Amino acid sequence: MNDSHAVGPSTPGILRKVSGFTTACVLVSSVIGSGIFTTTGFMARDLGDPWLILSLWLLGALFALTGAMSYSELGAAMPEAGGEYVYLRQAYGPFFGFLSGWASFTVGFGAAVAAAAMSFAAYFLQIFPIGHETDTIGKTLALLLVWTFTFVHTAGVEAGGWLQRTLTVSKMGAVFLLISGAFLFGEGHWEHLAVQTAEPQPHIGTIVVSFIFVIYAYSGWNVAGSLAGEITEPERTIPRTMIAGTLFVGLVYLILNLVYFYAMPVTALAQAPLLPVAEKAAAALFGPTAAHFVAALLCLSIAGAVSAMVWAGPRVYYAMARDRLLPEVFAETRAKGGAPWKSIILQSVWTSILIISGTFEQLVVYSGVVVTIFTALAVATVPVLRWSNPNLPRPYRIPLYPLPPLLFLSASIMILAYTLIGRPLESLFAVATVLTGAPVYLIWRRFQRGLRR
């Protein structure tokens, strides 16, 4: 399980010391956070059909897979730290690359880490109630989690890799314990899969909304691209990790949903409270005390996701600083550990501001729009670069091209269009958040030109 210490061609300043297994752990932890343990309750209320719900989770896996295949071609061809920032910079120029990095900093990683850390605190306080000022205590716990992981990841890639492997293996062990226990000892019934609500059939709008929730639960499958500059044998490791990791997560998601329907009929899952669907299912299978096990599992799962984002996000800012789109100080790495420690601290400072102020809640509302926009733009670079740079070495080429990127882009456009129509205010704020990066980019470029004179 230890990473290789062999140093090959790498992005300047960092070393290729991250193995395929560690990369897979980052991907799995990044994707499997809290979404799979909470989303199905809302789908049960809105759709009322177990087989339709399972079909949407399967469709979400296929959607993520088409994106993973596209990112695999890009990551294998350009194995540099930074992920989609690198792809957009290469295909569309530094301005769009900067906006991608800006979105990652403000929303994609910054707000996501803040929200996940606060979710961790909420579940932790369910297990261990502490005092009465839960908001203050929750923020303190969230900050403690973020800065503990920040300390480990700034120590170096080896320390961060050990932490990520430990969290992911522990998390998946707990998930498999829940699954095996449910089917071997749980008091459930497969007849629940035949139960549907008596409500009218769901219309296309509710199906699309449910699919959007599913897509968000799969987000994080592209995280390996951010670590590409540190991955050993990236031409082989990136495609294998992204595709196999996405398939693995899809399988886990389907089995967990089968656990929910084995435990309870959809009519029961659709009853309030909707959010703790995994806890309700565990209580039905094993008794009320099992809810504490699920809460602990959620703490572990979210902690793994936070660690993965604390690791991956700063690689984007490192790449931007290396290209002088941010102050070069953020491209500094520790000589021994190889971690871009100042970029890690930069992200954690911003995350802490969001946690203390509570403004991450506003950002999270429309973060999905921002993430969808830039993920779609990154997938669109596959045909753009095949046309503009046909001689770029491509160790991995998407099978059935151009079908996978076309399917991904079509679904992304549908999601964005529906969100724009259904939630115009959130969509407007999402676009505004991205566009605030434009004056920052122009001011920074002007400042750089002034220094060169």
Side-chain angles (χ1 to χ4, degrees), residues 28-65 123 171-197 199 201-202 206-221 245-286 290-291 293-295 297-298 300-302 304-305 411:
V28 170
S29 274
S30 181
V31 179
I32 303 179
S34 61
I36 183 58
F37 302 106
T38 57
T39 301
T40 301
F42 296 97
M43 297 174 72
R45 179 197 62 189
D46 296 339
L47 302 179
D49 184 343
W51 292 105
L52 178 58
I53 293 170
L54 289 169
S55 297
L56 287 181
W57 282 102
L58 176 60
L59 191 61
L62 295 176
F63 173 83
L65 180 62
Y123 287 110
K171 170 165 68 174
M172 295 316 302
V175 169
F176 292 143
L177 183 63
L178 173 64
I179 291 171
S180 59
F183 295 139
L184 291 174
F185 309 110
E187 297 183 7
H189 302 282
W190 288 115
E191 290 82 0
H192 294 161
L193 284 169
V195 177
Q196 297 184 16
T197 59
E199 299 296 325
Q201 291 295 313
T206 56
I207 293 175
V208 171
V209 170
S210 294
F211 184 62
I212 292 173
F213 280 131
V214 168
I215 291 304
Y216 292 162
Y218 276 102
S219 61
W221 51 262
T246 302
L247 289 171
F248 173 78
V249 170
L251 179 62
V252 171
Y253 279 8
L254 287 172
I255 295 175
L256 280 172
N257 275 282
L258 285 174
V259 169
Y260 302 154
F261 292 121
Y262 179 70
M264 305 174 74
V266 70
T267 49
L269 292 173
Q271 299 299 314
L274 298 172
L275 191 65
V277 61
E279 295 173 66
K280 288 165 61 176
L285 289 166
F286 310 113
F293 172 80
V294 175
L297 170 58
L298 277 161
L300 188 59
S301 181
I302 294 168

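When a residue number appears, it is its place in the shown sequence, counting from 1. Computed from heavy atoms alone, side chains included, the values below leave out hydrogens, waters and symmetry copies. Just so it is clear, the structure is predicted and the values come from calculations on it, not from any experiment.
Residues T40 and W57 meet the side-chain proximity criterion, which asks for heavy atoms closer than 4.5 Å. By the 4.5 Å heavy-atom criterion applied to side chains, L54 and W51 are counted as neighbours. Between F248 and V31, the closest side-chain pair of non-hydrogen atoms is not below 4.5 Å. For the pair I302 and F37, the minimum side-chain heavy-atom distance is 4.5 Å or more. Here the side chains of F261 and L269 are in contact, with some heavy-atom distance below 4.5 Å. The shortest distance between side-chain heavy atoms of N257 and I36 falls below 4.5 Å. Side-chain contact between V266 and T197: present, with at least one pair of heavy atoms (C-beta onward) separated by less than 4.5 Å. Side-chain contact check for I32 versus M172: some heavy-atom pair is nearer than 4.5 Å.
A268 is linked by a side-chain contact (heavy atoms from CB on, under 4.5 Å) to M264, P265, counting only residues two or more places apart in sequence or in another chain. Taking the side-chain contact (heavy atoms from CB on, under 4.5 Å) definition, one finds that L274 meets it with F42, R45, sequence neighbours left out. Scored by the ring-ring contact (aromatic ring centres under 6.0 Å, His included) test, F63 finds F408 as partners (sequence neighbours excluded). Residues forming a ring-ring contact (aromatic ring centres under 6.0 Å, His included) with F213 (at least two apart in sequence, or on another chain): none. Legend: residues meeting side-chain contact (heavy atoms from CB on, under 4.5 Å) with L247, ordered by chain and number and at least two apart, are L65, I243. Under the side-chain contact (heavy atoms from CB on, under 4.5 Å) criterion, L62 pairs with no residue, sequence neighbours left out.
For the atom pair CD (E187) and CZ (F286), the distance works out to 9.5 Å, reported to the nearest 0.5 Å. The line from CH2 of W221 to OG of S30 is 11.0 Å long, rounded to the nearest 0.5 Å. Note that OG of S55 is 9.5 Å distant from CG of L254, once rounded to the nearest 0.5 Å. The CG atom of D46 sits 11.0 Å away from atom CG of L52, with the distance rounded to the nearest 0.5 Å.
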Does V28 form a side-chain contact (heavy atoms from CB on, under 4.5 Å) with V252? I'd like the steps, not just the answer. CA-CA 10 Å; V28 170; V252 171; over 6 Å; no
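No donor-acceptor pair closer than 3.5 Å links the side chain of S301 to the backbone N or O of L297. Without hydrogens or angle criteria, K171 side chain to L300 main chain gives no donor-acceptor distance under 3.5 Å. At least one donor-acceptor pair closer than 3.5 Å links the side chain of S219 to the backbone N or O of Y216. Put simply, the side chain of S180 gets close to the backbone of L177: a donor and an acceptor are under 3.5 Å apart. The closest donor-acceptor contact from the side chain of K280 to the backbone of G41 lies at 3.5 Å or more, if one exists at all.
A tilted orientation is assigned to the rings of Y253 and Y218, their planes being inclined by 30° to 60°.
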